[in-house]
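Note on naming: letters A, B, ... go to the chains in the order of the sequence lines (proteins, then strands), and numbering restarts at 1 for each one.
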2 protein chains.
Amino acid sequence: MAKSFERLKGELARSYPALSPQLQRIASYALEHPQDMALDTVATLARGAGVQPSAMVRFAQALGYEGFSDLQRVFRGRLVERSNHAPGLHNYRERVAAFQADQARSGPQGVLAQFVADGMAALERLPGQVSAADLAAAVRILAGARTIYTLGHRRSFTVAYYLAYGLTQLDLNAQLLDSMAGMLRDKAELIGPKDALVVMSFKNYTQEVIEVAQTCHARKVPVIAMTDNALSPLARHARVCFQIEEKASKFFGQLAAPVCFAQALVVAVGEQIEK
Amino acid sequence: MAKSFERLKGELARSYPALSPQLQRIASYALEHPQDMALDTVATLARGAGVQPSAMVRFAQALGYEGFSDLQRVFRGRLVERSNHAPGLHNYRERVAAFQADQARSGPQGVLAQFVADGMAALERLPGQVSAADLAAAVRILAGARTIYTLGHRRSFTVAYYLAYGLTQLDLNAQLLDSMAGMLRDKAELIGPKDALVVMSFKNYTQEVIEVAQTCHARKVPVIAMTDNALSPLARHARVCFQIEEKASKFFGQLAAPVCFAQALVVAVGEQIEK
DNA sequence: ACCTTTTAAGAATAAATGTTCCATCGGCGG
DNA sequence: CCGCCGATGGAACATTTATTCTTAAAAGGT
């Protein structure tokens, strides 16, 4: 399935000389315009290749496919395959697949293997998900803030805590906003425009956290949000919003990517204030 | 044209609250399955999102597109865009060049790239660092414990918190040991042999944490340790000890691997108690 | 040059897809 | 309680799309 486009290419190269002139023409067109082959209709492609639609169908059938649609599936598969690899620097997918096969599928080991695979996939996508402009803006805000407040509940508290910890290590004035003794809203009211608020929430979103982001944003506090989705209620209440996909294949939200991002953010701020 | 998917995302985020519940549902489905949106038919997508085909068309029109096909073009555009950016699968040199360019990139983006690379390397090593026997033993201890206490300071608090959180989600009785009000030692004395203590510390090791592990271990409390090194002072005071290398090439300790491990541990325990 | 076999074209067809329309449901205000 | 309005479901519709079929053309062999 993954390599079925490669297989098609090989198949094509082998049987090419035996094809009729018109089918050869289609063959080269297909290999030269794989994207069109994936998305366009028979009629469009036929026009592009200078043949009749029926010829496209015959072409597919000559290669052993049931029809054109069947053949097109191969090209579409290639497209999503490449798209999945897009932002990554390395191509870890094969390695992950290979190593998953080695691992026991079930039991604690299998769970660990699954989490590692998901985590690596999430990390691979991470750099493509944060824009340079957003990152720079966030660093600037944090480096210049009087006090940095971090806020996150439940799962996200993990990240919120780390951010506060890491920023404190840089001798920045960072405060972890907790809801201890029900004082969250009162504490949040003390945040001003010269401070900064880093707030994170993944679904299911915590209402309380969102409200704090909302009121602070309305009060012109620079709010930096980390969430999972452009539709997150957090996105609307932030000056800078990072969307970090945490979708896991099987289990609930991965934290590897958010944690890694938080660490990078801390270090980036550290480099900024050194200048 | 190139950024039209990004524009769509922004547009969507802005108008999301004004949409009807069903259209919101479609919106999240669309952003979570952009590939399907690009390739599948309305009927298939509608089934996937749990709505009627007509709703898909209404969705497209609500966003200002003429119809579904018009909207789908945006998703298709994104797909070919990303595919074009993909490192040539056959051209290895391109890939290396791209990778080096990213490495060389300085500033916040470079920091992020470095962390991602380190994190992936750490995750890759992770499964080889935990033995099946240790993992099974830890799962058994946790699944059978009366109360699970987790303890970690400074950086490790991140992981300790998550463990307590995750185990609590399983309806287990998990307590995060904090040193609030200087009560850590007093709280630790309440831990008994039927409980379990998960303690983690990476260097520089926190003396206080190690002492707690030591006294608990001496009192026959099952202690599970996460640390970085076989020589760690924690290793001597634990019944089960996981050594998770957190060495980073350039910056201080990576947390991606420990966090990922903690998540896997939680899920593994969850699977165990289901039986 | 004639017949046979292969090849292409173009219309015809049947399936599928996107779109529209209308009836129904549910909430809200009068 | 009634009527209004937007939202939803579902079927009907028209269009598009892949595929097939028939016919014409070309090529190749004797």
Side-chain angles (χ1 to χ4, degrees), chain A residues 4-5 8 12 14-30 33-80 231, chain B residues 4-5 8 11-12 14-30 33-80:
Chain A
S4 95
F5 177 75
L8 167 62
L12 210 46
R14 202 159 43 73
S15 58
Y16 185 81
L19 263 44
S20 86
Q22 197 179 44
L23 295 194
Q24 289 187 1
R25 192 164 172 191
I26 297 177
S28 23
Y29 183 85
H33 306 268
Q35 318 219 27
D36 297 339
M37 285 294 290
L39 296 178
D40 287 353
T41 71
V42 199
T44 312
L45 289 168
R47 207 164 341 113
V51 299
Q52 290 289 330
S54 46
M56 295 300 279
V57 177
R58 283 202 307 270
F59 174 70
Q61 289 170 341
L63 292 172
Y65 297 90
E66 197 175 314
F68 174 78
S69 314
D70 206 22
L71 169 69
Q72 194 175 46
R73 227 166 280 139
V74 176
F75 285 87
R76 295 194 164 184
R78 184 194 88 112
L79 207 58
V80 315
L231 302 182
Chain B
S4 99
F5 177 74
L8 168 61
E11 186 75 21
L12 211 45
R14 206 158 40 72
S15 58
Y16 185 76
L19 294 173
S20 87
Q22 198 179 45
L23 296 194
Q24 289 186 1
R25 192 162 169 191
I26 296 177
S28 6
Y29 183 86
H33 304 93
Q35 319 221 36
D36 297 339
M37 285 294 289
L39 297 178
D40 287 353
T41 70
V42 259
T44 312
L45 290 168
R47 204 161 346 109
V51 299
Q52 290 289 329
S54 46
M56 289 301 239
V57 176
R58 281 199 293 267
F59 173 69
Q61 289 170 340
L63 292 173
Y65 297 90
E66 196 174 316
F68 174 78
S69 314
D70 206 20
L71 169 69
Q72 195 175 46
R73 230 166 277 139
V74 175
F75 285 86
R76 295 195 163 182
R78 182 192 92 111
L79 208 57
V80 315

Quick one, which residues of residues 58-71 of chain A touch DNA chain C with a heavy atom under 4.0 Å? A:R58
Can you check each nucleotide of nucleotides 22-27 of chain D against protein heavy atoms at under 4.0 Å and return B for base, S for sugar-phosphate only, - for none, in 5' to 3' order? ------
Going from CD1 on B:I26 to CG on B:L19, what distance comes out if it is rounded to the nearest 0.5 angstrom? 9.5 Å
Note, A:L45 side chain near A:V51 side chain (heavy atom, < 4.5 Å): no
In chain order, what residues pass the side chain to side chain donor-acceptor pair (under 3.5 Å) check against B:Q61, with sequence neighbours excluded? none
Restricting to pairs with a member in residues 14-23 of chain B, which pass salt bridge (Lys or Arg N to Asp or Glu O under 4.0 Å), not counting sequence neighbours? B:E11-B:R14
Quickly work out the B:F75 CZ to C:dG18 C1' distance and round it to whole Å. 17 Å
Short heteroatom pairs, N/O only, protein and nucleotides 4-6 of chain C, under 3.5 Å:
none

Over its full length, what angle do the end axes of the helix from C:dA1-D:dT30 to C:dG30-D:dC1 make, each axis taken from five pairs and the result rounded to 10 degrees? 10°
Going by the rule side chain to side chain donor-acceptor pair (under 3.5 Å), which residues pair with B:T44 if we only count those two or more places apart in sequence or in a different chain? B:T41
Output every pair passing ring-ring contact (aromatic ring centres under 6.0 Å, His included) with a member in residues 38-80 of chain A, not counting sequence neighbours, ordered by first then second residue. A:F5-A:F75
Please report the distance, rounded to the nearest Å, between CG in B:L23 and P in D:dA7. 8 Å
Partners passing side chain to side chain donor-acceptor pair (under 3.5 Å) against A:Q22 (at least two apart in sequence or in another chain): A:R58
Using a 4.5 Å cut-off on heavy atoms from C-beta on, say whether the side chain of A:L71 contacts that of A:M37. yes
B:D70: side chain to side chain donor-acceptor pair (under 3.5 Å) partners, not counting sequence neighbours: B:R73
Results of side chain to side chain contact (heavy atoms under 4.5 Å, CB included) for A:P53 - residues two or more places apart only: A:V42, A:A46
Going by heavy atoms closer than 4.0 Å, what residues in residues 38-57 of chain B are next to DNA chain D? B:Q52, B:S54
